[in-house]
Each structure stands twice: as structure tokens, then as C-alpha cells.
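The structure appears right after this line, and notes come after that.
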2 protein chains.
Amino acid sequence: MCNINTLHNFYRHTFFLYISGMGKAKRPKLSTHEFFEKGHLHYLTHISIDNVIFGFHDNQLKVLLLEWKETHRWCLPGGFIFADEHIEEAAIRSLKSRTGLDNIYLQQFYAFGDPNRERTKHGISPPAGIKKSWLSERFITVGYYALVEFSKVVPKPDEFSESCQWWDIEKVPTLILDHNHILEKALQSLRLNLNDYPVGKDLLPQKFTMPELQRLYETILGKQLDRRNFQKKILALDILERLNERKQGGAHKAPFLYKFDQRKYEKAMKQGLKFGLQ
Amino acid sequence: MCNINTLHNFYRHTFFLYISGMGKAKRPKLSTHEFFEKGHLHYLTHISIDNVIFGFHDNQLKVLLLEWKETHRWCLPGGFIFADEHIEEAAIRSLKSRTGLDNIYLQQFYAFGDPNRERTKHGISPPAGIKKSWLSERFITVGYYALVEFSKVVPKPDEFSESCQWWDIEKVPTLILDHNHILEKALQSLRLNLNDYPVGKDLLPQKFTMPELQRLYETILGKQLDRRNFQKKILALDILERLNERKQGGAHKAPFLYKFDQRKYEKAMKQGLKFGLQ
DNA sequence: TATTATTGTGTACTACAAACACAATGATTT
DNA sequence: AAATCATTGTGTTTGTAGTACACAATAATA
């Protein structure tokens, strides 16, 4: 028995139409209208990626968010997966288009599969003139988090968004869909990952001070650490080099600058070094 | 420019057909033919789940595999997601239909998104008489691993498989698609999870001996542990109860039996206890 | 009854984590 | 120029957890 219920099932009911020219080199350029009406000819339906892009500035952990046109609601930058594209490639492509950066530390952390992940159920509709869209279907999204150097990022909104901005992790507003939940899960994963990866390598500028590195760990963990023990532990990893330079300009005593020593770092990683900070 | 290339894009090109009666209570029963030809009317396309079901028997870690009819190739038991179903529900449903068990410890560990995850690219075709199927499209799969009590499982093949059997983790054959890779990743996740969850609770029978628990950890970690230190650490968690009973029947001195104490366990979990065994 | 493989238990040593204090510095104030 | 201030740089002590290790007790077997 067939019968109308929601848009929900639209893009699972399929007739026929072949396309070509989907090689990696040649990604189609779609107009907004084409994207909503014919995006399913190019992208996988029912599945997307969302990026939680972390940065660190002014001693605060930040996350890069997009503001939608018209509704002015905020969301995580995400994207869709081309038919022949690796899901991680899609995440990298999205990341590059939002930040301008290549070669970013990227980590998949969870797939979100609630059946309510459907735009129409949350009052989000396609632009005027478009009745049905693959985008109104239920989506499962795979979350990635990225660690980027704040100062190198040039945030770029996409065609659907008003702006692209850093938000203090403590001040993130209510986001669309389950994006607050996704962000929370990303933070949890990042915290766990602290023990296996020296996140400062990606989040801090090349030269940084020990207090800066400590603030970074403190904001991610959400608690204070003992200055002396922190330094002892970090230096014991033997992946940092202390420069003969001090950070000038701040009030009070000028702290030494450090940088990650790539050779030492690789050597340490080979030995499966543990970055244990709790 | 439109042109025929592969089956690849078939189910992303969609016309129209609504269905109803997709409520959770009423799952449609499809014939094999219907499943291949019309499954996309009921399930999400391009996305699946795969379960890595771990058991423990004869001092060996085991995994439950399915053998396909005709080709006799082995694979992980998996499934598809109903349009209105939570992805985790789909994993639970699949798990129940393979093992007969409810209430299983289940953990999502990774989403596999290689564009080569396409059955036609691996010489797997739909049954005779079916030319095109949503199942021949590229799939992204979300991996879950489950921990079950070996003796309680009654393996049940599905309609497409010849048999459903336990395999010693060391002797798993070459599986279809990237299923060996998925299994490997599941094992890695399980190893990491050892530090946060007392896996013996789900993998062992209610009553078990300390040597059995130790073998479990040893097979998962792939290395020997010191008997005395192991016991000390485990007992220090204060989640086990030693019974006034010994395991009879083995050669040599009869070891004490233990069981998990649910009350102690919950108390310990609240305090965020660490199960640190390396 | 002797033998054998395995279980049950405790102690010394080492490495890492946590707590803690004071001198040195560079900018700022007086 | 001198005093003040907040912060940096550094080392010791104590406690806890991990590692290495040995011998007596036991249940089945020879």
C-alpha cells in the first residue's frame, strides 16, 4: 500500500538516470538551485560529514562555526561526499574550503545516526521555489575534529552562510540539529586523545611558551594543572626544543620560547610514547 | 553530458514513489527478490552497519562470521538501517538476529568510507534475475563491536548465508571487501577500551576463575601478564566477589570462582574507575 | 605415596605522580 | 633610582602505583 507520509522517503525511491564526468579532477560546479534539486546526482544521499574545527587563541579553546543566511542560526561546518570520494577526503575538502588550510590534523570520532537528524523535522527547509530536496531527507553524519593554528586560518563562509567565525568553546550558542551534541562528543574525544597525541603541535604557533602550552591543556581538560609538574612531564617527553629566545612584550618576567622538534617527535612516536596528562 | 558508466550512480538518481507503514512496530517482511530490488524503499541507501561480535572460549578470543551461499566466502555479520531507525538500533537488531541475544554490550568504533566499498568492484553481484540493486552501490559502513558470552550464543545464519560460526581470532580467513580491516580496527578499539571497561563482565560466564580472566586479557592484548600483579590490580578495582567455590574438573589445583558484583561495579563506575592493564 | 602442574599469597625495588617553596626577572609604580 | 608586583625558573620530598620476583599449598595423576 502506497501513500504519502513525509519527504523522508523521497530519495530512497529511485528511477533511472546515469551521469558521467565524476572523476576526482573534475568536480561539478553546481548552482544553489542545482545543488538542492540535483545534488543527489553527484553526492551520496543520507550521509554527510561535520567538522569540529578547534583553534586556540587568547588562552581560550575556540571552535569555528558557520552562521546561516536568513535564519542566522549557527552550525558546524559540514559537507557531503562525492560519489567517488573517500569520506575523509570530503572532510579534508570541507576543511580546506572553510579555513584555507591544507595538511591539517584530522580525526574521525563518531557517526551520529539518530532518525531525527532530518532538516524538515527541525524547521529547516530548502530555499523558496524548491519543493523537494535530497537535503530534506534524514542524514547520518560522520564527525571529524580538526586541530588548526588559529592565526593561519582565514575563515570563509560558504554560499549558504552569512559568516564564519571563531567561538569561545564556553560561549557556543544553541546550534542546529544535534550539533551541540556533536561538539560535546568531539571535545570528549579530544580529551581522550590528549594522552596519545601532542595537540600543541597543531594548535599553537611554531614558537610558544610553556605557560601557553599549559593553558592549552588546561582549557581542553577544563581544570588547573601544577606548573612545575606540567613542565617536568612535557620536557620528559623529549619532543620540545627550548630556544635561546624569550617572549617579550607581556608584563612581568619574559618566558622562554619553545618549538616542537620534528626529529625528536618522530623518534618518540615510533616508540609509542605516552603523553599522559590528567 | 549524460552517459552510462557504472551501476554506481544508480540509486542516487531518483524519481518518485512514496510508501507508508514504516512504523517501528511494523517492519516489512521482504522476499529475497524484493530485498534486492526494492530494499531501498525501506532502508537508507549507501549506508550500512557491520558488527564485530567477540566471544571467548577455550582460552581464545573468537569472532562470529557468516559464510555466504554459493561463493562460500566469509564476512562480518552486518545489516541495513530502516528509514526511521536509529543506527544503533539497526546494530542491535542485527546482533539479536545472529546471536539470539538481547542486552549486549555494544560499542561503535569507526565509519569506513573508502569509495571502493562497492560490491560490484569486488565481484559480488545480486542473485540471478536481478540486474540492478541498491546493494550494488557504494556503501559507507559504521562498525560496531559487541562482547557476548560465548555459551549463550546460538549462531543463526541469515537467508543469504550458508553458516554462522565462531572463528578463532588468530585464524580468521580472508573476508570480503575490507572486512579484515574492519576486524583489525575493532580489535584495536577493544584494546583501548580495556582501560575503561571491565570486558570480562560480558565475555565470561557468570562464574569464572582468575586464570580465565587473565587469559582473556592476555589474548586481547596479545601478550603475557604477570599472574600476581594481574590479580592484585583486578582485585584492587573492588568489583569482583570471590565465591566459596572452586572450579573442579581441571587437572591440578582447583582455582577459586569469582563473579562480578553488580553493586560494587556500579559504584566503581560512578567514581570513574580506571581499569588500567597494559 | 610421590610427582607434577598449577594456584595462592607477600615483599622489595623502581618509576611516576602530587604536593610544595623560594630565588630570579622584567615591567610597573613611586 | 628604588621598591613593588606578578610571573617565570627550578628542585626536593612524599606518596602511590607498577614491576619483578619466590615459595608454600593443593588437587589430579602417575
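Note that the structure is a prediction, hence the values are computed from the model and not measured. Chain letters run A, B, ... following the sequence lines, proteins first and then strands; every chain starts at 1.
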Query raised in the report: Taking atom types as modelled and ignoring hydrogens, do the side chains of B/Ser163 and B/Glu67 form a donor-acceptor contact shorter than 3.5 angstrom?
Result: yes
Requested in this report: Compare the minimum distances between each of D/dC21, C/dT7, D/dG9 and the side chain of B/Asp226, then state the nucleotide with the smallest one.
Outcome: D/dC21
Report summary line: Rounded to whole Å, the CG-P distance (A/Asn195 to C/dA17) equals 11 Å
Report task. Return the set of residues passing side chain to side chain donor-acceptor pair (under 3.5 Å) with B/Asp102 (not counting sequence neighbours), or none when no residue passes. Result -> B/Lys96
Query - Rounded interatomic separation in angstrom, taking CD from B/Glu245 and P from D/dT26 - result: 19 Å
**Report entry** Spacing of A/Gln224 atom CD relative to D/dT7 atom P, expressed in whole Å
**Finding:** 12 Å
Report task. Could you tell me whether A/Asp226 and A/Arg228 make a salt bridge, using a distance below 4.0 angstrom between a side-chain N and a carboxylate O? Result -> yes
Report task. Mind calculating the distance between CZ (A/Phe230) and C1' (D/dG9) to the nearest angstrom? Result -> 15 Å
Report task. Measure from the side-chain heavy atoms of A/Pro211 and tell me the nearest of D/dC21, D/dT10, D/dT8. Result -> D/dT8
Requested in this report: Starting from P on D/dG18, measure out to CG on B/Leu225 and report it in whole angstrom.
Outcome: 13 Å
Query - Listed partners of A/Arg93 passing side chain to side chain donor-acceptor pair (under 3.5 Å), at least two apart - result: A/Glu85
Report summary line: So ring pair (Phe, Tyr, Trp, His ring centres under 6.0 Å) across residues 167-200 of chain A, not counting sequence neighbours, yields A/Trp74-A/Trp167, A/Tyr105-A/Tyr197, A/Phe112-A/His181
Requested in this report: Using atom CG of A/Leu213 as one end and atom P of D/dG9 as the other, report the distance to the nearest whole Å.
Outcome: 13 Å
Report summary line: residues 179-189 of chain A vs salt bridge (charged side-chain N to carboxylate O under 4.0 Å, His left out), sequence neighbours excluded, gives none
Query raised in the report: For B/Arg227 and C/dT9, what is the distance between atoms CZ and P respectively, to the nearest whole Å?
Result: 11 Å
**Report entry** salt bridge (charged side-chain N to carboxylate O under 4.0 Å, His left out) partners of residues 238-260 of chain B, not counting sequence neighbours, each pair once
**Finding:** B/Lys207-B/Glu245, B/Glu212-B/Lys247, B/Asp238-B/Lys264
Query raised in the report: Residues two or more places apart in sequence or in another chain: which of them pass side chain to side chain donor-acceptor pair (under 3.5 Å) with A/Ser48?
Result: A/Thr141
Report task. Give the rounded distance in Å between these two atoms: CE of B/Met210 and P of D/dT26. Result -> 19 Å
Query raised in the report: What parts of residues 247-256 of chain B reach DNA chain D, counting only heavy atoms under 4.0 Å away?
Result: B/Gln248, B/Gly250, B/Ala251, B/His252, B/Lys253, B/Ala254
Nucleotide N/O of nucleotides 12-17 of chain D paired with protein N/O under 3.5 Å:
residue : atom : partner  : partner atom : Å
D/dT12  : O4   : A/Lys232 : NZ           : 3.1

Report summary line: Contacts of A/Tyr258 and B/Arg228 projected onto DNA chain D by closest heavy atom; the upstream (5') one is A/Tyr258
Report task. For A/Asp196, check salt bridge (charged side-chain N to carboxylate O under 4.0 Å, His left out) against everything at least two apart and list the hits. Result -> A/Lys274
